[in-house]
Amino acid sequence: MKVAIRRLPNAEGLPSPAYASEGAAGLDLHAALAPGQKLVLEPGARDLIPTGLSIALPQGYEGQVRPRSGLAAEHGVTVLNAPGTIDSDYRGEIKTLLINLGGQPFEIIRGMRIAQLVIAPVTHVTLEEVDDLDATTRGAGGFGSTGVSGEGA
Ligand SMILES: O=c1ccn([C@H]2C[C@H](O)[C@@H](COP(=O)(O)OP(=O)(O)OP(=O)(O)O)O2)c(=O)[nH]1
Ligand SMILES: [Mg+2]
């Protein structure tokens with residue numbers, strides 16, 4: 001499926017978002033900071049990082065801005081609103097809301113792969129308000145109602 005993206009001036013010269021392997025689910029997104037700019041995320045701090053891209057997703061699809069597990073595991077840096085939602089009718093710049101949950105300052109420079117964009121189908125439904133819902137075995141049980149440990153543990 002072809003999807004139109006637009007490169008904004010701040011992304012000039014940056015690589016296009018790309019799947020890092022044949023089977024990768026997400027397109028890696030690059031930080032479109034100014035050349036030479038260093039953005040330091042202090043422990044506990046968050047910031048909106050530009051990607052320099054806008055996208056026209058077909059109706060019936062969304063973009064999910066997800067963390068990169070390497071950044072999370074090594075530095076505690078993740079996407080605060082994960083997965084960020086890119087609506088199919090959004091034409092503004094895709095931005096990434098990163099937060100540093102690690103103990104050390106984390107430096108972001110132009111071109112760094114900061115997150116990944118997964119394109120996924122979404123369903124729009126027509127809601128119908130009713131007085132009663134159909135009965136199930138689970139019923140209203142949730143939030144650990146089936147126990148916490150595996151069998152025999
Ligand atoms: O990580 C994100 C999340 C959202 N967006 C953009 C695209 C999305 O279509 C728009 C709105 O996002 P969302 O619906 O999550 O935010 P909201 O707080 O509900 O804002 P709005 O009232 O504009 O819908 O912001 C991003 O660029 N990055
Ligand atoms: Mg919204």
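We count residues from 1, following the sequence as given. As the structure lists them, so they are numbered: ligands from 1, and atoms in each ligand from 1.
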Is there at least one protein heavy-atom neighbour under 4.0 Å from [atom]?
atom: atom 23 (O) of ligand 1; answer: no
atom: atom 18 (O) of ligand 1; answer: no
atom: atom 1 (O) of ligand 1; answer: yes

Under 4.0 Å from a heavy atom of [X]: which atoms of ligand 1 are those, numbered in the order shown and with their elements?
X: Ile94; answer: 27 (O)
X: Gly84; answer: 1 (O)
X: Glu93; answer: 27 (O)

Check: [X] side chain, [Y] main-chain N or O, donor-acceptor pair, under 3.5 Å:
X: Asn100; Y: Leu41; answer: yes
X: Gln116; Y: Pro67; answer: yes
X: Glu62; Y: Ala120; answer: no
X: Arg66; Y: Val79; answer: no

Query raised in the report: Are Thr126 and Glu128 close enough that some pair of their side-chain heavy atoms sits under 4.5 Å apart?
Result: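 No - every pair of side-chain heavy atoms lies 4.5 Å or more apart.
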
Query raised in the report: Leu33 and Met112: side chain to side chain contact (heavy atoms under 4.5 Å, CB included), yes or no, with the steps?
Result: CA-CA 9 Å; Leu33 298 176; Met112 189 179 267; over 6 Å; no

Query raised in the report: Honestly curious: do Phe106 and Ile109 fall in one hydrophobic cluster under the side-chain, below-4.5 Å linking rule?
Result: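 Shared cluster, yes.
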
Query raised in the report: Is there a heavy atom of Ile86 sitting under 4.0 angstrom from any atom of ligand 1?
Result: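 Ile86 counts as a contact of ligand 1 under the 4.0 Å cut-off.
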
Among all protein heavy atoms in this structure, tell me which lies nearest to [atom], with the distance rounded to 0.1 Å.
atom: atom 12 (O) of ligand 1; result: Thr85 O, 3.8 Å
atom: atom 27 (O) of ligand 1; result: Lys95 N, 3.0 Å
atom: atom 9 (O) of ligand 1; result: Asp87 OD2, 2.6 Å
atom: atom 7 (C) of ligand 1; result: Tyr90 CD2, 3.3 Å

Query raised in the report: side chain to side chain contact (heavy atoms under 4.5 Å, CB included) with Leu53: which of Asn10, Leu14, Leu29, Leu8?
Result: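 Testing Leu53 for a side chain to side chain contact (heavy atoms under 4.5 Å, CB included) against Asn10, Leu14, Leu29, Leu8 leaves exactly one candidate, Leu29.
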
Query raised in the report: Is the closest N or O pair between Asn81 and ligand 1 shorter than 3.5 Å?
Result: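 Yes; at least one N/O pair falls below 3.5 Å.
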
